[in-house]
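Numbering of ligands and ligand atoms starts at 1, following listing order. Just so it is clear, the values below take in all heavy atoms, side chains as well, and ignore hydrogens, waters and symmetry mates.
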Amino acid sequence: MKTLKLAVQKSGRLSDSSLNLIKECGITFPTRIARLKAAAFNFPVEFLYLRDDDIPGYVADKVADVGIVGKNVLLEKTDELEIVKELGFSKCRLSIAVPREFNYQGVESLEGLNIATSYPRILSNFLQQKGVSADIHEISGSVEIAPSIGLAQAVCDIVSTGSTLVSNGLTEVEVILNSEAVLVARPELDGPRRQILDQLLFRINAVQAANSNKYILLNAPNEAIPRITELLPGMRSPTVVPLAQKGWSSLHSVVKEDDFWEVIENLREAGAEGILVIPIEKMVL
Ligand code: PRT
Ligand code: ZN
């Protein structure tokens, strides 16, 4: 039986969320990741625990078949791989920042500057697209201190909350990439492994759909059902079950997490009572 080799970050900002997603897909595996490799117990997947920077290269070189990595690292390392799924975690952005006192007027202000970054490829593509020429100074860590020690006049680095930039006296002036964790594969992945990947994707989609929706139950007088049905888009129309109390029903449906508070308010106005909201474990559309 063939197995799919999945590269995940050994330890760092992607590791816990990557392994949690796999667990939510019902895949169990040894919890101790002291080793480089581990096979799952109940799904034909083998994990390779690697540094995130090595993941795109290992997938491209067929050491692994698929991998979970930040889009920022993927685009910096290679364009040979296919993004099969955006995973929605480890969100951040790659941005250009300049010292607070710099009089920034737009990308043209970057002309001729020395910019420190660990992302020379993405930065140089961005500058080229904008028709700006600048010197790119590649450094592997602590990019944010480069201006204060006189190594560069601007930086291009990963930003999440922005507090690292602020505490180093820098201001974010251009977002050049919005990043999140992505599942990547070699485009030419062969038959049986592609099938395992499809099974994995089916599970990931069910987990993601479940996480972004809630199951909702409510009671309403029968005359309010048409209006409430309009408010509950659901997978089809809501399930309507008569209550023991005459003239009343219980309605069951699914609402999107994002629309949730607005929908609840509208439901109450339409006459809904006893609203219960329940997390969904898996959802297959
Ligand atoms: O050891 P290994 O090479 O595997 O890991 P690593 O240290 O290179 O990467 P790691 O674990 O730090 O990050 C892995 C991935 O998480 C990155 O490639 C991004 O896709 C994503 N990610 C999400 C982040 C951040 N948020 C983040 N805030 N990566 C780095 N940062 C750093 C950033 O470099 C900067 O120093 O956090 C600082 C900025 O944070 P704020 O909140 O102050 O803006
Ligand atoms: Zn790394």
Side-chain angles (χ1 to χ4, degrees), residues 5-22 32-38 47-61 63-64 66-100 104 115-126 136-149 151-152 154-185 204 208:
K5 293 200 193 89
L6 167 62
V8 293
Q9 190 189 26
K10 186 175 168 66
S11 90
R13 288 187 163 91
L14 296 162
S15 314
D16 286 351
S17 304
S18 305
L19 294 177
N20 276 341
L21 175 66
I22 300 297
R32 218 168 46 88
I33 56 169
R35 284 170 299 158
L36 175 67
K37 288 204 258 187
F47 301 97
L48 298 183
Y49 301 111
L50 303 170
R51 286 200 56 195
D52 68 342
D53 315 72
D54 296 334
I55 291 175
Y58 278 24
V59 176
D61 294 344
V63 177
V66 295
I68 296 178
V69 70
K71 203 186 263 181
N72 51 311
V73 170
L74 172 72
L75 298 181
E76 183 59 30
K77 300 286 178 191
T78 180
D79 41 33
E80 282 172 50
L81 303 182
E82 170 194 1
I83 294 182
V84 286
K85 187 81 198 163
E86 298 195 323
L87 298 173
F89 58 81
S90 301
K91 287 193 173 173
C92 58
R93 52 199 191 270
L94 183 63
S95 294
I96 298 177
V98 296
R100 208 179 291 133
Y104 190 78
I115 310 175
T117 189
S118 309
Y119 295 87
R121 190 173 123 115
I122 301 177
L123 176 58
S124 102
N125 285 342
F126 172 81
I136 298 177
H137 190 101
E138 183 176 355
I139 49 179
S140 59
S142 304
V143 172
E144 65 281 357
I145 63 165
S148 61
I149 59 171
L151 198 62
V155 301
C156 170
D157 199 9
I158 296 292
V159 182
S160 172
T161 60
S163 64
T164 303
L165 293 183
V166 171
S167 61
N168 285 280
L170 300 170
T171 307
E172 187 177 4
V173 290
E174 299 286 340
V175 176
I176 70 174
L177 174 76
N178 283 303
S179 181
E180 64 185 278
V182 288
L183 179 65
V184 294
I204 291 175
Q208 285 192 338

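The shortest heavy-atom contact between I122 and L94 is CG2-CD2, 3.8 Å. Counting all heavy atoms, side chain and backbone alike, V143 lies closest to A116 at CG1-O, 3.4 Å. The two residues G88 and K91 make their nearest non-hydrogen contact at O-CE, 3.7 Å. Shown here for L177 and N72, the closest heavy-atom pair between the two residues is CD2-CA, 3.6 Å. Counting all heavy atoms, side chain and backbone alike, A185 lies closest to V66 at CB-CG1, 3.7 Å. When all heavy atoms of C156 and I115 are compared, the pair lying nearest together is N-CG2, 3.9 Å.
Not one N or O of Y119 is nearer than 3.5 Å to an N or O of ligand 1, by distance alone. In terms of polar-atom proximity, defined here as any N/O pair under 3.5 Å, L14 makes no such contact with ligand 1.
Expressed to the nearest 10°, the angle at the Zn ion (ligand 2) joining OD1 in D53 with OD1 in D52 is 80°.
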> What's the verdict on salt bridge (charged side-chain N to carboxylate O under 4.0 Å, His left out) for D79 and R121, showing C-alpha distance, side-chain angles and the deciding distance?
Replying inline: CA-CA 11 Å; D79 41 33; R121 190 173 123 115; 3.1 Å; yes
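Atom 7 (O) of ligand 1 lies below 4.0 Å from none of the non-hydrogen atoms of the protein.
Here the heavy atom of the protein found nearest to atom 35 (C) of ligand 1 is I158 O, 3.5 Å. Summary of contacts: the protein heavy atom closest to atom 14 (C) of ligand 1 is D52 OD2, 3.5 Å. Atom 17 (C) of ligand 1 has its closest protein heavy atom at N72 ND2, 3.7 Å.
Applying the 4.0 Å criterion to heavy atoms of G12 picks out, from ligand 1, the atoms 11 (O). Interface of G70 with ligand 1, defined as ligand atoms under 4.0 Å from a residue heavy atom, comprises 20 (O). Near V159, meaning under 4.0 Å from any of its heavy atoms, are these atoms of ligand 1: 44 (O). Set against the non-hydrogen atoms of G162, the atoms of ligand 1 under 4.0 Å away are 41 (P), 42 (O), 44 (O). Of all the atoms in ligand 1, the ones that sit under 4.0 Å from a non-hydrogen atom of C92 are 19 (C), 20 (O), 21 (C), 22 (N), 23 (C), 26 (N).
Residues Y58 and L50 have side chains in contact (heavy-atom distance under 4.5 Å, counting atoms from C-beta outward). By the 4.5 Å heavy-atom criterion applied to side chains, T164 and I158 are not counted as neighbours.
Contacts with ligand 1 closer than 4.0 Å are made by heavy atoms of both the backbone and the side chain of T161. Contacts between S160 and ligand 1 below 4.0 angstrom, taking non-hydrogen atoms only, involve backbone and side chain alike.
Within the model, atoms OG of S179 and CD of E76 stand 11.5 Å from one another, a figure rounded to the nearest 0.5 Å.
For atom 37 (O) of ligand 1, the nearest non-hydrogen atom from the set E76, R13, R93, R51 belongs to R13. Around atom 40 (O) of ligand 1, the closest heavy atom drawn from L50, T164, L165 belongs to T164. Which of V73, L94, D53 comes nearest to atom 3 (O) of ligand 1 through a heavy atom is settled by distance: it is D53. If you check each of Q9, E172, K91 against atom 5 (O) of ligand 1, the one with the closest non-hydrogen atom is Q9.
Under the 3.5 Å distance criterion, with hydrogens and angles disregarded, a donor-acceptor pair is assigned to the side chains of E172 and S95.
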